[in-house]
Amino acid sequence: GADNCLSRACKHIDHAHVSDAQVMVEFENGNFNFTFPNPQNVSEFSMTLKKGREKKEICALHLSKERVIPKSNVTYCQTQNSRNSTTFILKNLDRKHIDVYTYYLEIFLPPPYIDCCLKETYLYVPDKEDCFSLWFMSWLIISLIIFAISCVCFVVACCLRNKNQNCESNSHEYNSEYMPMAAVNAAKKTRI
């Protein structure tokens with residue numbers, strides 16, 4: 001039952017010089033920035049960002065010649081204004097913020113009063129990856145690989161050691177096979 005942005009689109013407003021305003025959406029440093037060009041030849045207006053089909057107001061910015069009044073109903077939305085544009089900055093978003101965001105323009109002065117929809121944007125927020133779990137998993141995999149390589153090296157070293165011991169025991173047999181009962185010491189070499 002929520003109204004569509006097309007039914008209240010800002011079209012053919014010649015005196016305010018607003019015609020199909022382009023909203024620039026940027027993703028920068030983990031923040032979503034929505035930038036609108038300010039209407040020209042208007043002395044007082046408001047821009048409002050609403051969330052969801054129920055059009056819950058998230059934040060707004062009211063501008064007149066005398067002052068700029070930012071308003072935010074949530075902690076994750078901030079407003080920024082320059083002479084030529086208005087920006088809504090959405091910070092620290094997660095999956096619960098995935099929704100349709102609608103941008104409204106209200107023109108107060110000069111008359112007549114105009115209330116229209118600038119744009120509707122579907123915002124998708126990817127899952128934040130847990131850096132600790134990624135770090136832990138990568139080190140776990142590296143540790144398992146190192147452990148497997150160490151086990152293979154240990155088995156190869158043991159096999160080579162046993163083979164060398166068998167060879168040495170066969171080549172240094174001091175007792176002759178003809179005299180199994182007599183123990184004979186190996187001849188000692190004289191030192192000079």
Side-chain angles (χ1 to χ4, degrees), residues 2 5 22-37 47 49-61 70-82 84-103 118-192:
C5 189
Q22 288 286 60
V23 177
M24 212 167 72
V25 181
E26 296 175 317
F27 183 73
E28 184 180 304
N29 298 329
N31 302 329
F32 284 96
N33 298 338
F34 301 99
T35 304
F36 314 90
M47 295 243 190
L49 176 64
K50 295 183 180 183
K51 179 184 176 192
R53 295 290 171 206
E54 65 279 354
K55 307 291 188 234
K56 179 184 172 192
E57 187 175 304
I58 301 298
C59 52
L61 193 67
K71 176 185 173 188
S72 182
N73 294 329
V74 293
T75 56
Y76 61 89
C77 184
Q78 293 178 348
T79 56
Q80 208 173 44
N81 180 259
S82 71
N84 299 325
S85 65
T86 300
T87 303
F88 293 117
I89 303 167
L90 301 181
K91 297 182 173 191
N92 302 321
L93 301 181
D94 55 28
R95 293 197 52 84
K96 70 181 178 188
H97 297 107
I98 294 175
D99 214 331
V100 175
Y101 290 81
T102 311
Y103 319 99
L118 284 172
K119 190 164 179 88
E120 220 172 42
T121 302
Y122 178 77
L123 182 65
Y124 175 76
V125 182
D127 280 335
K128 290 183 180 178
E129 295 180 10
D130 186 6
C131 292
F132 177 75
S133 63
L134 286 176
W135 175 84
F136 179 75
M137 286 302 292
S138 62
W139 277 106
L140 181 66
I141 291 170
I142 291 170
S143 299
L144 288 174
I145 290 170
I146 291 172
F147 178 73
I149 291 171
S150 299
C151 288
V152 169
C153 291
F154 179 74
V155 168
V156 169
C158 285
C159 288
L160 290 175
R161 183 174 169 223
N162 286 341
K163 188 174 181 179
N164 284 343
Q165 284 180 347
N166 287 342
C167 290
E168 284 179 11
S169 64
N170 289 338
S171 64
H172 289 80
E173 192 172 311
Y174 299 124
N175 293 333
S176 168
E177 61 184 58
Y178 299 109
M179 294 188 285
M181 301 301 280
V184 179
N185 290 335
K188 294 183 179 179
K189 295 182 181 178
T190 58
R191 294 183 185 170
I192 302 179

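- Residue D99 holds its CG atom at 12.0 Å from OG1 of T121, rounded to the nearest 0.5 Å.
- For T79 against A60, the heavy-atom pair with the smallest separation is CG2-O, 3.6 Å.
- Scanning both residues, R53 and E120, for their nearest heavy atoms gives NH1-OE2, 3.8 Å.
- One distance of note links CZ of F88 with CG of L61; it measures 6.0 Å at 0.5 Å rounding.
- The two residues M24 and E26 make their nearest non-hydrogen contact at CE-OE2, 3.6 Å.
- One finds the CD1 atom of I98 at 12.0 Å from the NZ atom of K96 (value rounded to the nearest 0.5 Å).
- Ring orientation note: the planes of F34 and Y101 are close to parallel, at an angle under 30° on the 30°/60° scale.
- The CD atom of Q78 lies 9.0 Å from the SG atom of C59; values are rounded to the nearest 0.5 Å.
- C77 and S72 get closest at one heavy-atom pair: O-OG, 2.9 Å.
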Legend entry - Chi angles and distances behind the side chain to side chain contact (heavy atoms under 4.5 Å, CB included) call for I89, Q80: CA-CA 8 Å; I89 303 167; Q80 208 173 44; 3.7 Å; yes
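- Summarising the geometry, atom NZ belonging to K71 is positioned 11.0 Å from atom CD1 belonging to I58; distances are rounded to the nearest 0.5 Å.
- Around CZ of F147, the count of heavy atoms belonging to other residues, nucleotides or ligands within 6.0 Å does not exceed 12.
- Residues K55 and T102 have side chains in contact (heavy-atom distance under 4.5 Å, counting atoms from C-beta outward).
- In this structure, the separation between CD1 on I146 and CD1 on I141 is 12.5 Å, given to the nearest 0.5 Å.
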